[in-house]
Amino acid sequence: MLRQLHSLPGLIVGLFALVLASTGAILALDPVLERAGASVPAAGTMTVADLAEMVQVRFPGVERIERRANGAIIVSHVDGTTMAADLFDPVTGAPLGPWQPSAFQRWVKSLHRSFLLDDPGRMAAGISAGAMALMTATGLMMLAAAQGGWGRLGRPVRGRGPGRWHARLGRATLGTLVLSSLTGLFLSLATFGVIDDGEGDGPDFPFDTTAGDPTSVGELPALWTVDLKDLRSLTFPQPGNPTDVFGLQTAQGAGYVDQSTGALINLLPNSGARKVWETVYMLHTGQGLWWFGIFLGVGALGVPALSITGALVWAQRQRARPRIPGNARAGSAETVILIGSEGSTTWAFARTLHQALTAAGQRVHAAPMNRLAPRYPTAQRMFILTATYGDGAAPASAERFLDRLARTETPEFPVAVLGFGDRHFARYCQFAIDVEAALVARGWRMLLPLIKIDRQSAQDFAAWGREVGGALGLNLALEHKAAIPRLKTLKLVGRQDFGCEVGAPTAILRFGPASEARGWRRSFSSGLPRFEAGDLVGILPPGSDLPRFYSLASSSRDGVLEISVREQPGGLCSGHLHSLKPGDTIQAFIKPNPEYRPQPGRAPVLLIGAGCGIGPLAGFIRDNRDKRPMHLFFGARDPKSDFLYERELRDWLADGSLSRLTTAFSRVNGHDYIQDRIRADAPAVRDAIASGGQVLVCGGAAMAAAVAEEVGRAVAPLGLDVAALRSDGRYLEDVY
Ligand SMILES: Cc1cc2nc3c(=O)[nH]c(=O)nc-3n(C[C@H](O)[C@H](O)[C@H](O)COP(=O)(O)OP(=O)(O)OC[C@H]3O[C@@H](n4cnc5c(N)ncnc54)[C@H](O)[C@@H]3O)c2cc1C
Ligand SMILES: Cc1cc2nc3c(=O)[nH]c(=O)nc-3n(C[C@H](O)[C@H](O)[C@H](O)COP(=O)(O)O)c2cc1C
């Protein structure tokens with residue numbers, strides 16, 4: 001619902017809003033330019049009487065003096081027989097040349113206010129401003145939900161692609177968007193009389209003036225008392241007409257001044273409604289607050305970028321919209337698949353499961369979790385595939401599931417829950433956990449225990465498929481084909497082998513481009529794709545469409561793509577990589593992993609990894625050009641066999657890239673594991689965290705769990721735990 005309220009106005013009035021914002025950005029320059037050209041005396045140093053006297057000396061035919069909100073003084077006067085308008089410097093008393101409002105600015109203003117279409121255009125502009133206000137409010141609510149609550153709005157935005165940029169931009173321009181759209185709506189409603197703008201008929205014209213001899217303008221008492229900064233306009237009486245009066249408009253109100261006595265007549269103070277209108281006008285245009293104009297202009301420039309990224313998000317969602325061919329009806333299905341998804345990727349996994357089960361002869365029904373039916377008369381099993389969103393919350397298509405579950409009868413058939421999530425989040429697959437707990441509490445039978453899939457791993461999904469196949473007595477091959485980016489051919493340029501003697505064959509592999517860049521291109525490109533240490537390289541092993549991911553131990557600036565790979569027994573890709581000889585090639589692509597990086601700054605970084613998990617950590621140390629404190633805990637089996645990066649680590653210790661190295665070897669004397677070293681070094685871990693430090697872990701899941709427990713113990717005296725560090729982005733894991 002919230003999403004519809006956000007994207008519908010965007011799609012309908014998007015173009016209008018774009019025109020409003022772009023013209024608004026141009027108009028915001030007005031007050032800045034005007035201010036730049038104006039010389040403004042300090043408040044309290046000059047009165048209207050002083051100015052009027054100076055002006056009259058230079059322009060004896062003066063008819064009107066106007067002070068613009070940003071301090072520019074414009075004098076309208078009769079020059080011979082023609083009317084003219086000149087800019088005037090109130091400090092020096094010198095004319096600054098003719099005042100010519102730019103035709104372009106007037107055109108832009110008319111486009112901004114009415115799309116050049118008078119009343120219907122003005123109405124469209126008002127509606128667009130209202131739609132912008134609605135989009136800002138709904139966008140903010142969606143962002144708060146995605147971030148896991150209002151208190152987390154300022155945290156780094158999760159997700160990737162245009163969605164991430166849209167959210168970041170929206171957050172950065174939020175203040176100006178709210179202000180511009182609400183004030184624009186207000187001004188529009190005032191134009192159509194829906195809101196009182198307080199513009200009355202003006203003060204009554206005085207007919208009982210003294211009609212005495214005119215006094216010099218500089219000596220009129222009513223004008224002495226008005227500070228120049230409060231002047232809006234001063235209209236001069238008709239020359240030779242003693243009954244005529246000065247018209248005076250100030251920030252406080254309007255009235256007349258007797259040209260003989262200088263008395264203020266029929267003063268009409270601004271009404272409350274007018275004051276509100278003036279404030280809103282100032283906030284919308286920046287007139288009177290030139291620096292505020294810059295703020296408004298920069299914010300307005302964000303709108304085109306927001307429109308583009310918003311349209312891309314919408315298009316992405318349309319493309320990923322669930323289309324499941326041959327979907328059986330809920331009332332006749334043997335297998336029911338319910339999907340909880342926000343960004344639609346879980347639907348693609350559901351489609352693969354649907355196809356495999358249908359091919360195995362099942363009648364399969366797939367639907368969003370929100371459409372849980374009270375009964376499934378023919379069902380024999382149910383699968384629930386759900387993502388987690390916000391901070392452990394339900395994704396959009398599962399928001400009503402738990403309420404509905406409370407109203408369904410408990411079936412005879414069993415259910416299996418498959419959670420999709422991201423280990424970088426503190427509440428990894430939390431919604432799937434909650435769903436399984438709710439099902440168990442209502443007495444549903446479990447076909448399999450909950451399995452969690454990290455970052456849409458097709459490999460883990462295939463492994464889950466094997467378990468499902470085993471439970472159902474079917475041969476279920478779940479080959480989920482995620483869209484694979486363009487592949488690049490890379491050539492092995494070097495390898496170092498470790499761990500064979502201790503049963504943990506691991507290789508550090510270095511790849512370069514298959515063909516060197518030639519000619520002028522050589523100076524600009526290493527021929528490698530762009531990547532950072534900690535990103536992932538996806539490699540397609542021969543004979544499989546499922547890419548395997550490896551954590552990058554180098555950045556493209558190093559000129560090589562480096563990974564460390566442990567050979568798995570019977571492993572297709574790791575086996576293939578271990579069989580490569582220098583000169584052999586692979587097909588690969590880069591999957592950015594921007595969440596897994598040391599945060600910028602000088603705070604200490606604790607790097608913890610075992611075996612080939614040292615790969616990205618070595619990359620971070622190599623990249624530590626600022627020599628910030630980095631402490632590496634490294635675990636392996638035997639220093640004589642699988643001490644990966646041994647020589648480099650010594651060099652990095654010597655040059656300060658690495659400040660401390662702690663090792664644990666499980667097959668020598670002490671039978672030390674990495675978690676033992678962390679326990680022994682708990683004070684150092686605590687000190688690092690107390691001074692704002694961050695922990696990055698990489699390696700196997702069992703090691704990561706043991707490390708998390710020890711780090712949790714070490715930081716407990718600080719009133720912290722790993723969950724708190726995770727939600728602050730200070731405890732990151734790359735676990736496989
Ligand atoms: C984010 C991420 C980062 C990673 N980084 C690294 C890294 O830096 N270094 C590294 O070495 N690895 C890393 N991995 C793991 C890597 O992606 C591979 O999973 C690993 O190399 C195994 O792939 P494989 O093709 O060799 O094995 P697979 O052929 O996929 O087999 C995996 C295991 O399952 C078993 N298996 C396969 N098919 C079947 C079947 N039909 N029935 C029963 N069992 C089966 C195999 O025997 C094997 O033990 C990472 C994984 C992820 C998700
Ligand atoms: C804003 C945002 C918040 C997320 N919150 C969590 C979370 O709290 N826990 C988790 O395990 N995964 C979280 N994820 C990861 C998603 O659950 C995961 O990427 C999932 O595969 C997305 O599936 P979908 O595309 O079907 O929505 C979050 C992702 C985003 C973009």
Side-chain angles (χ1 to χ4, degrees), residues 142-143 145-148 152 155 157-161 163-164 167 316-317 320 322 339-350 385-398 419-433 452-460 462-463 465-467 469-470 475 477 505-509 534-541 543-544 546-553 562-578 591 593 595-596 609 611-616 698-701 726-727 733-736:
M142 282 165 64
L143 183 61
Q147 294 285 89
R152 291 162 169 265
R155 299 268 171 93
V157 175
R158 304 292 194 137
R160 52 185 71 230
R164 187 180 205 182
Q316 219 173 36
R317 234 173 239 139
I339 297 105
S341 173
E342 179 88 27
S344 295
T345 56
T346 309
W347 276 96
F349 285 91
L385 275 55
T386 184
T388 293
Y389 213 62
D391 186 27
S397 79
F420 287 82
D422 184 333
R423 274 183 185 280
H424 291 134
F425 286 87
R427 294 170 196 268
Y428 177 43
C429 287
Q430 186 59 47
F431 183 65
I433 296 170
K452 300 173 192 169
I453 306 271
D454 184 24
R455 283 167 287 169
Q456 295 142 26
S457 160
Q459 256 188 301
D460 294 352
R466 290 195 285 274
E467 288 200 33
N475 183 13
T506 306
I508 296 178
L509 303 173
D535 283 346
L536 301 169
V537 58
I539 298 177
L540 278 188
S544 170
L546 276 188
R548 281 27 170 200
F549 290 99
Y550 297 89
S551 313
L552 287 167
E562 185 173 295
I563 51 177
S564 66
V565 179
R566 165 85 181 268
E567 186 176 7
Q568 302 294 336
L572 193 61
C573 193
S574 58
H576 172 66
L577 290 171
H578 271 252
K591 184 173 175 185
N593 191 18
E595 247 103 65
Y596 191 70
C612 64
I614 193 178
C698 184
R726 274 191 221 270
S727 34
E733 285 179 328
D734 190 5
V735 175
Y736 40 88

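Count residues from 1 along the sequence. Being a predicted model, the structure only gives us computed values, none of them experimental. In listed order, ligands and their atoms are each counted from 1.
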Nearest heavy-atom pair of [X] and [Y]: which atoms, and what distance?
| X | Y | result |
| --- | --- | --- |
| Glu733 | Tyr596 | C-CE1, 3.7 Å |
| Phe431 | Ala393 | CB-O, 3.6 Å |
| Ala350 | Ile339 | CB-CG1, 3.5 Å |
| Ala394 | Tyr389 | O-CB, 4.0 Å |
| Thr346 | Leu385 | CG2-O, 3.7 Å |

For the residue pair [X] and [Y], establish whether any side-chain heavy-atom pair is separated by less than 4.5 Å.
| X | Y | value |
| --- | --- | --- |
| Cys698 | Tyr736 | yes |
| Asn593 | Arg455 | yes |
| Val735 | Asp454 | no |
| Leu546 | Leu572 | no |

Would you tell me which option among [options] has the nearest heavy-atom contact to [atom]?
| atom | options | value |
| --- | --- | --- |
| atom 44 (N) of ligand 1 | Glu567, His578, Arg466 | Arg466 |
| atom 24 (P) of ligand 1 | Ala477, Gly465, Cys573 | Cys573 |
| atom 49 (O) of ligand 1 | Gly609, Gly699, Ser544, Pro569 | Pro569 |
| atom 22 (C) of ligand 1 | Lys591, His576, Gln568 | Gln568 |
| atom 10 (C) of ligand 1 | Phe549, Tyr596, Tyr550 | Tyr550 |

Kindly confirm or rule out an N or O of [X] lying under 3.5 angstrom from an N or O of ligand 2.
| X | value |
| --- | --- |
| Gly421 | no |
| Gln430 | no |
| Thr345 | yes |

So, 4.0 Å and heavy atoms of Pro395: is ligand 2 close enough to count as a contact? no
Q | Gln456 to ligand 2, any heavy atom closer than 4.0 Å | A | yes
In terms of atom number and element, which parts of ligand 2 are under 4.0 angstrom from non-hydrogen atoms of [X]?
| X | value |
| --- | --- |
| Arg427 | 7 (C), 8 (O), 9 (N), 10 (C), 11 (O) |
| Asp391 | 8 (O) |
| Ala387 | 17 (O), 20 (C), 22 (C), 23 (O), 27 (O) |
| Glu342 | 24 (P), 26 (O), 27 (O) |
| Ala146 | 1 (C), 3 (C) |
| Phe420 | 17 (O), 21 (O) |
| Tyr428 | 11 (O) |

How far is [atom] from its nearest protein heavy atom, and which residue and atom name does that atom have?
| atom | answer |
| --- | --- |
| atom 8 (O) of ligand 2 | Gly392 N, 3.0 Å |
| atom 28 (C) of ligand 2 | Phe425 CZ, 3.3 Å |
| atom 31 (O) of ligand 1 | Gly571 CA, 4.2 Å |
| atom 30 (C) of ligand 2 | Tyr389 CE1, 3.6 Å |
| atom 52 (C) of ligand 1 | Tyr736 CB, 3.6 Å |
| atom 5 (N) of ligand 2 | Gly390 O, 2.9 Å |
| atom 16 (C) of ligand 2 | Thr388 O, 3.5 Å |
| atom 29 (O) of ligand 1 | Leu572 N, 2.9 Å |
| atom 12 (N) of ligand 2 | Asp422 N, 3.3 Å |
| atom 23 (O) of ligand 1 | Gln459 NE2, 3.5 Å |
| atom 8 (O) of ligand 1 | Ser551 N, 3.2 Å |
| atom 26 (O) of ligand 1 | Ser574 OG, 2.6 Å |
| atom 11 (O) of ligand 2 | Cys429 N, 2.7 Å |
| atom 28 (P) of ligand 1 | Arg548 NH2, 3.6 Å |

Answer yes or no: is there a donor N or O on one side and an acceptor on the other, between the side chain of [X] and the main chain of [Y], under 3.5 Å?
| X | Y | result |
| --- | --- | --- |
| His578 | Val565 | yes |
| Thr388 | Gly421 | no |
| Glu342 | Ala396 | yes |
| Ser564 | Ala553 | no |
| Arg155 | Ser727 | yes |
| Arg164 | Val157 | yes |
| Arg427 | Phe425 | no |

Would you confirm whether any non-hydrogen atom of the protein falls under 4.0 Å from atom 18 (C) of ligand 1?
yes
(request) May I ask whether atom 33 (C) of ligand 1 is less than 4.0 Å from at least one protein heavy atom? (result) no
When rounded to the nearest 0.5 angstrom, what distance separates [atom1] in [X] from [atom2] in [Y]?
| X | Y | atom1 | atom2 | result |
| --- | --- | --- | --- | --- |
| Phe349 | Ser341 | CZ | OG | 10.5 Å |
| Leu536 | Leu552 | CG | CG | 7.0 Å |
| Asp535 | Asp734 | CG | CG | 10.5 Å |
| Glu562 | Ser551 | CD | OG | 12.5 Å |

Ser564 near ligand 1 by a heavy-atom separation under 4.0 Å = yes
Would you mind listing which atoms of ligand 1 come within a distance below 4.0 Å of any non-hydrogen atom of [X]?
| X | result |
| --- | --- |
| Cys612 | 9 (N), 10 (C), 11 (O) |
| Val565 | 11 (O) |
| Arg566 | 11 (O) |

Any heavy atom of Ser344 under 4.0 Å from ligand 2? The part involved is backbone
- prompt: What do you reckon, does Val735 have a nitrogen or oxygen under 3.5 Å from a nitrogen or oxygen of ligand 1?
  reply: no
Under 3.5 Å, N or O to N or O, is Asp734 touching ligand 1 that way?
no
